[in-house]
2 protein chains.
Amino acid sequence: MQNEIKLTRKEQIITTAELLFKEKGYMATTMRDIARCEGVEAASLYSHIKSKDEILITICFRMAEHFEMAMAEVNDIYFNAEEKLRMAIKNHVNIIASDLNASAVFLKEWRHLPEPELGEFISRRHEFKIILQQGIDENVFDDVDKKFAVLTILSTVSWIVEWYKPGGVMNPDEISEKLSDFILTGLKKKILN
Amino acid sequence: MQNEIKLTRKEQIITTAELLFKEKGYMATTMRDIARCEGVEAASLYSHIKSKDEILITICFRMAEHFEMAMAEVNDIYFNAEEKLRMAIKNHVNIIASDLNASAVFLKEWRHLPEPELGEFISRRHEFKIILQQGIDENVFDDVDKKFAVLTILSTVSWIVEWYKPGGVMNPDEISEKLSDFILTGLKKKILN
DNA sequence: CCTACCGATCGGTAGG
DNA sequence: CCTACCGATCGGTAGG
């Protein structure tokens with residue numbers, strides 16, 4: 001079995017869709033837009049994919065798995081709350097930075113998933129937040145502070161897709177470090193007082 | 001001239017559109033959806049508004065003015081960097097908390113503005129970020145830190161529209177205070193080291 | 001992968 | 001504010 005250098009046609013279509021869904025949004029992107037980028041007629045796409053929905057489902061659930069696996073790793077390996085928090089942030093930032101288009105679609109277009117996938121997506125997302133929150137739970141931080149810290153982390157990390165450019169002023173590690181410092185310094189201050 | 005208790009029909013339509021645009025997105029909301037909520041036929045909407053575009057333009061530019069006015073106030077009245085930062089955060093949070101639907105549309109649906117309004121919106125948004133950054137500029141904070149702080153503030157404040165519920169665990173003032181503390185403690189730590 | 005095409009639905013108009 | 005309607009475009013299928 002030889003190494004595939006080129007993506008399959010289906011993967012090419014998905015990659016193109018990731019770019020267009022990010023740029024214009026899912027609803028504003030037509031199958032004809034995708035076809036034009038691929039250099040074929042819209043009807044030809046349907047030999048490789050079942051529907052427009054299917055593309056969105058594939059993108060969103062793939063990314064969900066990446067984030068869930070990273071979270072599982074954090075909870076398996078690292079022990080104290082600070083290390084867990086730092087590692088969770090770092091993993092999140094790295095996933096997003098290494099696949100900006102798919103991440104943007106995952107973060108911003110999931111609500112256009114059809115049922116029953118939408119329901120499944122929302123409940124997995126909820127489960128994920130609970131795991132993240134429990135992950136840093138050692139009765140070390142105040143409850144409300146911790147909740148707020150988690151929300152701040154998720155918001156900042158998600159926002160990265162809006163401004164991060166590879167080769168910019170900050171690389172992913174620097175972003176992770178700065179964010180960790182902000183959050184952890186903020187949390188610790190309360191303890192020391 | 002008596003006080004208007006009821007909104008004009010046009011304002012009712014815009015208010016309904018804010019809710020639907022937030023809930024489903026601009027592209028996924030049809031004029032027939034809006035009409036159904038208003039209890040009229042789609043065609044009837046056009047006696048009060050010119051087009052679907054016009055509704056989005058109204059929502060986005062109204063909110064832009066609110067944010068710009070709040071920012072102008074901060075730069076006119078408050079003097080040191082810390083006070084400015086705290087006030088900017090507080091004003092942002094208050095504007096969003098007091099008009100969640102319109103804020104969500106402003107933050108997430110602006111890219112569907114038609115030209116030339118889209119171009120104007122983007123350049124005003126850019127100008128706004130520069131003002132915010134210069135507002136807290138006193139050569140007190142490190143440049144990269146400050147830039148990151150501004151991005152973190154904007155991201156957290158914007159994210160509020162995703163989870164804030166009136167009457168929840170945190171009220172707007174508590175949110176502003178916690179966020180200010182996080183950011184300022186993070187910035188100060190660097191200075192003291 | 002293409003040509004040809006379809007039913008549904010969109011934003012919007014005419015005319016009252 | 002309604003009925004009636006339109007041109008455009010959508011996601012998708014048939015058949016090769």
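FYI, side chains are in, hydrogens and waters are out, and symmetry mates aren't considered; it's all heavy atoms of this structure. Lettering of chains follows the sequences in order, A, B, ..., and the numbering in each one begins at 1.
In this structure, Phe121(B) and Ile57(B) have side chains that are not in contact, with every pair of non-hydrogen atoms separated by 4.5 Å or more. Leu56(B) is not listed as a side-chain neighbour of Glu117(B), based on a closest heavy-atom distance of 4.5 Å or more. Annotation: side chain of Glu38(B) is in contact with side chain of Arg9(B) (closest heavy-atom distance under 4.5 Å). Looking at heavy atoms from C-beta onward, Tyr26(A) lies in side-chain contact with Lys52(A) at the 4.5 angstrom threshold. In this structure, the side chains of Val144(A) and Lys178(B) come closer than 4.5 Å at one or more pairs of heavy atoms.
Comparing Ala43(B) and Ala42(A), the nucleotide of DNA chain D nearest to each residue sits closer to the 5' end for Ala43(B).
Judged as a salt bridge (Lys or Arg N to Asp or Glu O under 4.0 Å), and not counting sequence neighbours, Glu177(A) has no contacts.
Against DNA chain D, the stretch residues 47-62 of chain B makes heavy-atom approaches under 4.0 Å through Ser47(B), His48(B). Residues from residues 17-36 of chain A with heavy atoms under 4.0 angstrom of DNA chain D, sorted by number: Thr29(A), Thr30(A), Met31(A), Arg32(A).
Here the range on DNA chain D touched by chain B, meaning any atom under 4.0 Å from one of its heavy atoms, is dC1(D) to dA4(D).
In this structure, the separation between CD on Glu11(A) and CD1 on Ile14(A) is 4.5 Å, given to the nearest 0.5 Å. One distance of note links CG of Leu151(A) with CD of Glu162(B); it measures 11.0 Å at 0.5 Å rounding.
Residue Ile55(A) is not grouped with residue Leu19(A) when hydrophobic side chains (ILVMFWY) are merged at heavy-atom distances under 4.5 angstrom, including chains of intermediate members.
The strand DNA chain D forms stems, runs of 3 or more Watson-Crick or G-U wobble pairs with distances below 3.5 Å, at C:1-16 with D:1-16.
A donor-acceptor pair shorter than 3.5 Å can be found between the side chains of Thr30(B) and Asp33(B).
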Glu82(A) and Arg86(A): salt bridge (charged side-chain N to carboxylate O under 4.0 Å, His left out), yes or no, with the steps?
-> CA-CA 6 Å; Glu82(A) 173 162 348; Arg86(A) 283 191 180 275; 3.6 Å; yes
Side-chain donor-acceptor pairs under 3.5 Å in residues 96-106 of chain A, sequence neighbours left out?
from: Ser98(A); atom 1: OG; to: Asn94(A); atom 2: O; distance (Å): 3.0
from: Ser98(A); atom 1: OG; to: Ile95(A); atom 2: O; distance (Å): 3.1
from: Ser103(A); atom 1: OG; to: Asp99(A); atom 2: O; distance (Å): 2.7

